[in-house]
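Protein chains get the first letters and strands the later ones, always in sequence-line order, with residue 1 at the start of each.
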Amino acid sequence: METLQEFFSFSDPSIIAVTVGAVLLSASSAVVGTFTFLKKKALVGDAVAHSVLPGICLAFILSGTKNPLWLIIGAFVTGWLSLVIIDNITLKTKIKEDTAIALILSVFFGIGILLLTHIQHSGNAAQTGLDSFLFGKAAALVGKDLQVFGIVAIVLLVTVALFFKELKLIAFDASYAKALGLPVKGMDLLLTSLTVLAVVTGIQAVGVVLMAAMLITPAAAARFWTNDVRIMTVLAAIMGGVSGLSGAYVSYVAPAMPTGPWIVMIISAIALTSFFIAPKRGIISRGVQQRRLQRMIMDENLLKELYHLGEKDADIYKARSIEEIVEERFFPKDRLRSSLRRLRREGFITKENGHWRYTEAGRQKGQRVVKLHRLWELYLSKYMKIDPDHVHEDAETIEHIITPELEKRLEKMLEYPEVDPHEEKIPY
Amino acid sequence: MKVEAQEPVVEFHDLTVSYHKKPVLWNIDMTLPKGALIGIIGPNGAGKSTLIKSAMGLLPLASGYVRIFDEALDDVRHRVSYVPQRESVDWDFPTSVLDVVLMGRYAKLGLLTRPRKADKEMALNCLRKVGMEAYVDRQISQLSGGQQQRVFLARALAQEADLYFMDEPFAGVDAATEAAILSIMQEMTAQGKTVIVVHHDLQSAAEFFDWIVLLNMRLVASGPIDKVFTNEMLQETYGGKLTVLAEVGELVRKRQIPSREKY
């Protein structure tokens with residue numbers, strides 16, 4: 001708790017630097033990743049992330065320093081190279097894209113690890129900390145490194161903002177964009193460069209191994225909350241930023257801990273939460289809708305059976321016992337009881353001496369369901385030429401979803417028929 | 001059977017197009033007239049979509065060229081509009097109906113410029129024309145097939161072009177949408193615009209179009225409907241006489257021979 005306070009008081013200037021850096025890096029990769037996600041190129045991000053490792057190592061070997069500029073250039077070259085090779089393999093051989101990605105990813109990463117091991121055994125004093133590129137170390141973001149990576153992150157954000165409209169169109173409908181005469185190839189090149197740059201900067205915080213998660217997960221999480229690309233991009237940036245912040249915190253509290261896994265854990269938790277609780281698209285919300293629908297069907301079926309019973313002994317408003325209802329049609333007892341309670345609360349039925357009977361509103365509702373059922377049966381047999389003994393099952397579902405407008409059209413089309421295909425009276 | 005157009009807007013000159021080295025269109029050579037509603041008809045795999053995609057510069061040409069308004073496509077792109085097949089995009093993309101129609105304005109706007117108020121009004125007008133004004137803010141995943149097609153049409157209208165290429169605009173739409181789209185097309189041609197439509201239903205083709213292109217990997221016929229839409233021509237298009245062409249195409253692909261020799 002104390003460290004939490006200490007951290008968020010930002011009394012230590014290095015904390016501010018690390019925090020700002022981590023948030024910027026995570027947010028900018030999330031923004032670029034939104035378009036990678038929308039273009040359904042998630043795996044490409046992963047391939048780039050792994051392919052920058054040999055570039056970083058080579059840049060270190062050749063320059064002998066950990067100057068971030070050199071490392072970025074090295075990473076950029078091999079990251080780019082990997083994409084060019086993947087494209088060419090897909091285009092010119094029978095190998096499909098997923099296979100090409102897997103091939104390139106492992107080959108490049110393998111070379112990277114090889115070089116990294118070589119560097120570590122070379123005894124070069126400057127090499128310490130290079131392995132933090134594997135799993136990330138937000139705390140290493142200080143001084144000049146921070147400046148360089150921070151500038152790159154801002155360049156990324158600004159570029160996406162400037163070309164937002166084109167990036168959106170190309171992600172949605174590339175051939176139309178091309179037909180409009182937009183520079184689709186150039187924009188693709190731009191997005192690829194942005195992806196590589198995002199990876200290059202992001203790995204400082206997250207590391208190459210888990211970088212793909214920083215590109216894709218915020219976008220996937222944001223997608224649950226909105227149907228607007230603009231909001232989705234901003235939301236992805238915020239979610240990425242929050243996870244970056246938490247990474248910075250962990251890095252401060254437990255310097256020995258790699259920050260990448262923590263950042264990825266946080267963003268994954270955000271994504272998982274979104275998956276469950278997001279309105280409309282979330283699992284829980286969908287479950288609730290499903291349940292509501294089931295209840296509505298149960299209630300309507302119950303009212304319908306009360307109507308059937310009333311038809312039988314020509315007394316619609318007679319009070320019925322639970323046994324009578326179950327005899328007409330089987331309902332599980334507990335669901336029947338809760339449905340009865342619900343209908344009573346809503347004023348469709350009343351209870352007298354343990355027996356249930358229609359109110360006026362209940363009769364109307366029950367009658368309508370019966371009418372829709374029989375109208376639909378008639379429609380099926382008359383217009384779709386389905387045998388009368390095959391129409392019942394269908395009508396059982398359709399009776400619950402026909403809107404008042406459709407109801408009117410059906411009535412008109414069938415000319416207010418008296419009876420359904422089974423000679424049962426259609427009530428109006 | 002080929003009739004040259006009096007006032008040509010599109011000229012295909014000896015066009016050959018290949019997919020993965022396999023020629024799918026052979027030596028298409030024809031001109032299409034201004035102000036006509038033109039149907040491109042042929043069986044599955046005849047290369048109908050390929051033909052208009054190559055006219056829009058979306059596919060590399062193995063040989064030949066296409067000239068539009070007697071110029072190269074890139075010089076007149078702003079006068080040409082394209083409606084891709086409805087299934088070619090992911091309708092779950094997070095965007096609204098208005099946003100999609102606004103895309104039709106992007107070419108006029110250029111890079112780095114946001115849609116202005118005038119563009120929005122233009123887009124709204126186009127939505128009104130296709131009877132979709134009530135769906136402006138609707139998320140596109142909630143649209144029915146017919147509504148999706150109308151949105152695509154509105155987007156093309158927003159380009160204010162003189163020549164329209166449409167890939168199967170009548171595929172999988174309801175009767176009301178079909179009628180709406182057709183009347184918009186007729187209105188456009190009455191204004192002297194040219195509408196070229198890939199179509200697969202022979203029955204309605206006879207009612208819709210005034211110029212017909214019959215295609216089956218090669219050009220069978222092109223001309224006014226009364227001259228071209230004959231039993232004999234249709235038989236030639238849909239009959240199985242062209243298996244030799246398909247087999248040669250397959251051979252070209254297997255042997256990886258470029259369909260035109262280059263030195």
Nearest 0.5 Å, please: how far is CG in B/L15 from CG in B/L25? 6.5 Å
Residue set satisfying ring pair (Phe, Tyr, Trp, His ring centres under 6.0 Å) with B/F12, at least two apart, ordered chain then number -> none
Tell me, side chain or backbone of A/A174 under 4.5 Å from chain B's heavy atoms, or both, or neither? neither
Are any side-chain N or O atoms of B/K193 and backbone N or O atoms of B/A161, one a donor and one an acceptor, separated by less than 3.5 Å? yes
Using non-hydrogen atoms and a 4.5 Å limit, figure out which bit of B/V83 sits close to chain A: side chain, backbone, both or neither. neither
Most chain B-contacting option - heavy-atom pairs closer than 4.5 Å, from A/V184, A/L38, A/L182: A/L38
Under 6.0 Å from the CZ atom of B/F69, do we count more than 12 heavy atoms belonging to anything else shown? yes
All inter-chain donor-acceptor pairs under 3.5 Å (chain B, chain A):
unit_1: B/R77; atom_1: NH1; unit_2: A/K178; atom_2: O; d: 3.3
unit_1: B/R77; atom_1: NH1; unit_2: A/A179; atom_2: O; d: 3.1
unit_1: B/D90; atom_1: OD2; unit_2: A/K40; atom_2: NZ; d: 2.7
unit_1: B/D92; atom_1: O; unit_2: A/R223; atom_2: NH2; d: 2.7
unit_1: B/D92; atom_1: OD1; unit_2: A/R281; atom_2: NH2; d: 2.9
unit_1: B/D92; atom_1: OD2; unit_2: A/R281; atom_2: NH2; d: 3.3
unit_1: B/P94; atom_1: O; unit_2: A/V229; atom_2: N; d: 2.9
unit_1: B/T95; atom_1: N; unit_2: A/N227; atom_2: O; d: 3.3
unit_1: B/D99; atom_1: OD2; unit_2: A/R230; atom_2: NH2; d: 2.8
unit_1: B/Y106; atom_1: OH; unit_2: A/K168; atom_2: NZ; d: 3.3
unit_1: B/G110; atom_1: O; unit_2: A/K165; atom_2: NZ; d: 2.8
unit_1: B/T113; atom_1: O; unit_2: A/K165; atom_2: NZ; d: 2.9
unit_1: B/R155; atom_1: NH1; unit_2: A/D173; atom_2: OD2; d: 3.3
unit_1: B/R155; atom_1: NH2; unit_2: A/D173; atom_2: OD2; d: 2.8
unit_1: B/Q159; atom_1: OE1; unit_2: A/Y176; atom_2: OH; d: 2.8

Spacing of B/L109 atom CG and B/M103 atom CE [to the nearest 0.5 Å]: 12.5 Å
Anything under 30° is parallel, anything over 60° is perpendicular, the rest tilted; go ahead and classify A/F172 against B/F93. tilted
Checking heavy atoms, do the side chain of B/F165, its backbone, both or neither come under 4.5 Å from chain A? neither
Is B/L73 close to chain A through its backbone or its side chain, or both, or neither, when contacts mean heavy atoms under 4.5 Å? neither
Test side chain to side chain contact (heavy atoms under 4.5 Å, CB included) applied to B/V197 and B/I181, B/L37, B/I40, the passing residue: B/L37
Of all the heavy-atom pairs spanning A/A30 and A/A236, show the shortest one and how long it is. CB-O, 3.3 Å
